Structure formats: structure tokens, C-alpha cells
Amino acid sequence: DEGARRVVEIGAEVLPGLGERPMFVSGSGSGDVVLSSVEILALNHYRVREGWEKGLHAEGASLGCLFGLLMWDVIFAGGIADVFRTKYQAGPLDFGTDEFYGNRMELVDSRLREIETADCETLRCMIGSTWDTHYGQQCVCLNWDLFPDGKQDAQDLACCVGGFVPSNICG
């Protein structure tokens, strides 16, 4: 069944008493013993046992970066009173408040519809355009150095999750 979820079990031994975070002992695939956090354990499993070439542990930062890349022109929209005091701000003063949405309701709703219905190529273009135009500029929710392969990784992640996921997280 295409919609069925695949359950993956990753085996490792937990080392007790090494601080507040549990540490795990596992094999590396080349016979070495690896001591790691659960996040690194999972990344190593998928790289070694499943053949995945890429993986990223960044808590919610990767989705925050997608938000910044897909919503850049909404975040930095002009014509909204008292949200930009200097050209050096990393975001509008209303970012993270209810007023952010209220001040940009039409822009936000329109962009979310666009993201939700976007195919992979459209998402790649949207992210590529923002990346190429604004790379290195400060943005409250964007870390340009998060993705090891830069723009390509951001585009790949957007295609992997599809437009529906970011549009619902952003909305």
C-alpha cells in the first residue's frame, strides 16, 4: 500500500549515566563502534544501512529556513507601517506576533496557496530565486549555512516534503 508507513527499527545499546542525554553504542557498518546521540544514530543508520547520501539534524531550523526562503517577499513586504525602522533589520518588528499575519493577510494567504499547490520544479524555482537574489542577507528565520550543499539541499528538502507540508506549517 502506497500510503502505508514503513516502520524502521534501529538497534543500539543505551549507555546509562553519561549525563542528561542518553548516548548510544552502535556499529558503524565498517566494524567500528560508534558512541552517539539518538539523532546521529538515526542519521548513521540511514546513511549506512539504507544508502541515503544526505541527512540533517537541525531540530526545526530546516523548516524555518524553508519558511524564510518561500516567504521572503512576504516577510519583507513594504507598505506596512512601523515594522521597519532601519535597513539593517533581520525582519519586521511584527514578526512572531499576531500582527504579522494581520498586517499581511492577503499576501500570506496567497503565498500559502501557491506553496501548497506547487510541484517540485516550482518549489525549486521559488527557493532558487530567493537564494540567488538574497543570499547572505540577514533574515530572522534563515541560516544560510544550515544546508551543507547550500541552495541544492534547500531545494531538495522542499521537494522531499512537497508544498503541502511547508504551507501547513507556515499557515
Side-chain angles (χ1 to χ4, degrees), residues 5-8 10 12 21-24 26 28-30 32 34-77 83-84 87-97 100-101 104 107-171:
R5 292 181 185 239
R6 185 177 135 211
V7 175
V8 175
I10 301 171
R21 292 195 69 197
M23 296 300 287
F24 297 85
S26 64
S28 67
S30 63
D32 296 331
V34 177
L35 178 65
S36 65
S37 66
V38 68
E39 297 86 1
I40 300 304
L41 177 69
L43 286 170
N44 284 340
H45 169 84
Y46 283 102
R47 189 182 71 251
V48 172
R49 300 230 181 345
E50 304 283 335
W52 293 15
E53 295 178 17
K54 295 186 179 191
L56 177 68
H57 169 244
E59 302 294 342
S62 54
L63 294 175
C65 285
L66 286 184
F67 175 84
L69 290 165
L70 294 168
M71 301 288 283
W72 185 283
D73 56 332
V74 174
I75 295 168
F76 292 98
V83 295
F84 287 103
K87 64 180 180 177
Y88 303 106
Q89 285 178 232
L93 295 174
D94 63 349
F95 190 83
T97 71
F100 179 84
Y101 176 70
R104 298 164 185 78
L107 290 171
V108 169
D109 290 346
S110 174
R111 177 54 51 86
L112 292 178
R113 282 190 300 275
E114 187 179 344
I115 294 168
E116 184 173 19
T117 60
D119 61 13
C120 179
E121 192 54 41
T122 302
L123 291 170
R124 283 187 183 285
C125 288
M126 292 169 76
I127 287 172
S129 175
T130 301
W131 194 284
D132 294 342
T133 304
H134 300 290
Y135 181 79
Q137 295 176 17
Q138 294 296 311
C139 178
V140 68
C141 56
L142 185 53
N143 173 358
W144 296 103
D145 298 323
L146 179 68
F147 300 108
D149 289 331
K151 177 174 65 174
Q152 181 69 47
D153 282 349
Q155 291 171 318
D156 290 348
L157 177 60
C159 287
C160 180
V161 299
F164 181 77
V165 171
S167 71
N168 280 281
I169 290 171
C170 296

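Numbers here are sequence positions counted from 1. Just so we're clear, the structure is a prediction, and the values are computed from it rather than from any experiment.
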- Message: Return the CD to CE distance between Gln155 and Met126, rounded to the nearest 0.5 Å.
- Response: 12.0 Å
- Note on the structure: Taking every heavy atom of Ala154 against every heavy atom of Leu66, the minimum-distance pair comes out as O-CD2, 3.7 Å
- Which pair of non-hydrogen atoms, one from Asp145 and one from Asn143, has the smallest distance, and what is that distance? N-OD1, 2.9 Å
- Is there a donor-acceptor pair closer than 3.5 Å between any side-chain N or O of Thr117 and the backbone N or O of Arg113? yes
- Look at Arg111 together with Glu114 and state whether they make a salt bridge at an N to O cut-off of under 4.0 Å. yes
- Query: What distance separates Trp72 CH2 from Thr133 OG1, expressed to the nearest 0.5 Å?
  - Reply: 9.5 Å
- Note on the structure: Rounded to the nearest 0.5 Å, the CG atom of Leu146 sits from the CG atom of Asp153 at a distance of 9.0 Å
- Of all heavy-atom pairs linking Ile75 and Gly68, the shortest is CD1-CA, 4.1 Å
- Check step by step if side-chain contact (heavy atoms from CB on, under 4.5 Å) holds for Tyr46 and Val8. CA-CA 10 Å; Tyr46 283 102; Val8 175; 3.5 Å; yes
- Task: Mind telling me whether Phe84 and Phe76 have parallel, tilted or perpendicular rings, with 30° and 60° as the class edges?
- Result: parallel
- Query: Taking all non-hydrogen atoms of both residues, which atom of Ser36 and which atom of Leu41 are closest, and how far apart?
  - Reply: OG-N, 3.6 Å
- Side-chain donor/acceptor of Gln138 to backbone N/O of Ala90, under 3.5 Å: no
- In terms of the angle between their ring planes, are Trp144 and Trp131 parallel, tilted or perpendicular, with boundaries placed at 30° and 60°? perpendicular
- Query: For Val83 and Gln89, what are the C-alpha separation, side-chain angles and deciding distance, and is it a side-chain contact (heavy atoms from CB on, under 4.5 Å)?
  - Reply: CA-CA 10 Å; Val83 295; Gln89 285 178 232; over 6 Å; no
- Query: Is there a side-chain contact between Gln152 and Arg124 (heavy atoms, below 4.5 Å)?
  - Reply: yes
- Straight-line distance of Thr130 OG1 to Gln137 CD, nearest 0.5 Å: 10.5 Å
- Query: Quick one: does Leu142's side chain get under 4.5 Å of His134's, heavy atoms only?
  - Reply: no
- Once you round to the nearest 0.5 Å, how far does SG of Cys139 lie from CZ of Phe67? 8.0 Å
- Query: Cys pair Cys120/Cys159: SG distance under 2.5 Å?
  - Reply: yes
- Message: If you define the side chain from C-beta out and look only at heavy atoms, does anything of Asp109 sit under 4.5 Å from Arg104?
- Response: no
- Neighbour count >12 (heavy atoms, 6.0 Å) for atom OH, Tyr135: yes
- Query: Under the criterion side chain to side chain contact (heavy atoms under 4.5 Å, CB included), which of Leu157, Leu123, Ile127 is the partner of Leu69?
  - Reply: Ile127
- Query: Looking only at heavy atoms, which two atoms of Leu107 and Ala77 are closest? And how far apart?
  - Reply: CD1-CB, 3.6 Å
- Minimum heavy-atom distance between Ala12 and Phe24, given as atom pair plus value: CB-CB, 4.0 Å
- The reported gap from CG in Asp156 to CZ in Phe147 (rounded to nearest 0.5 angstrom) is 10.0 Å
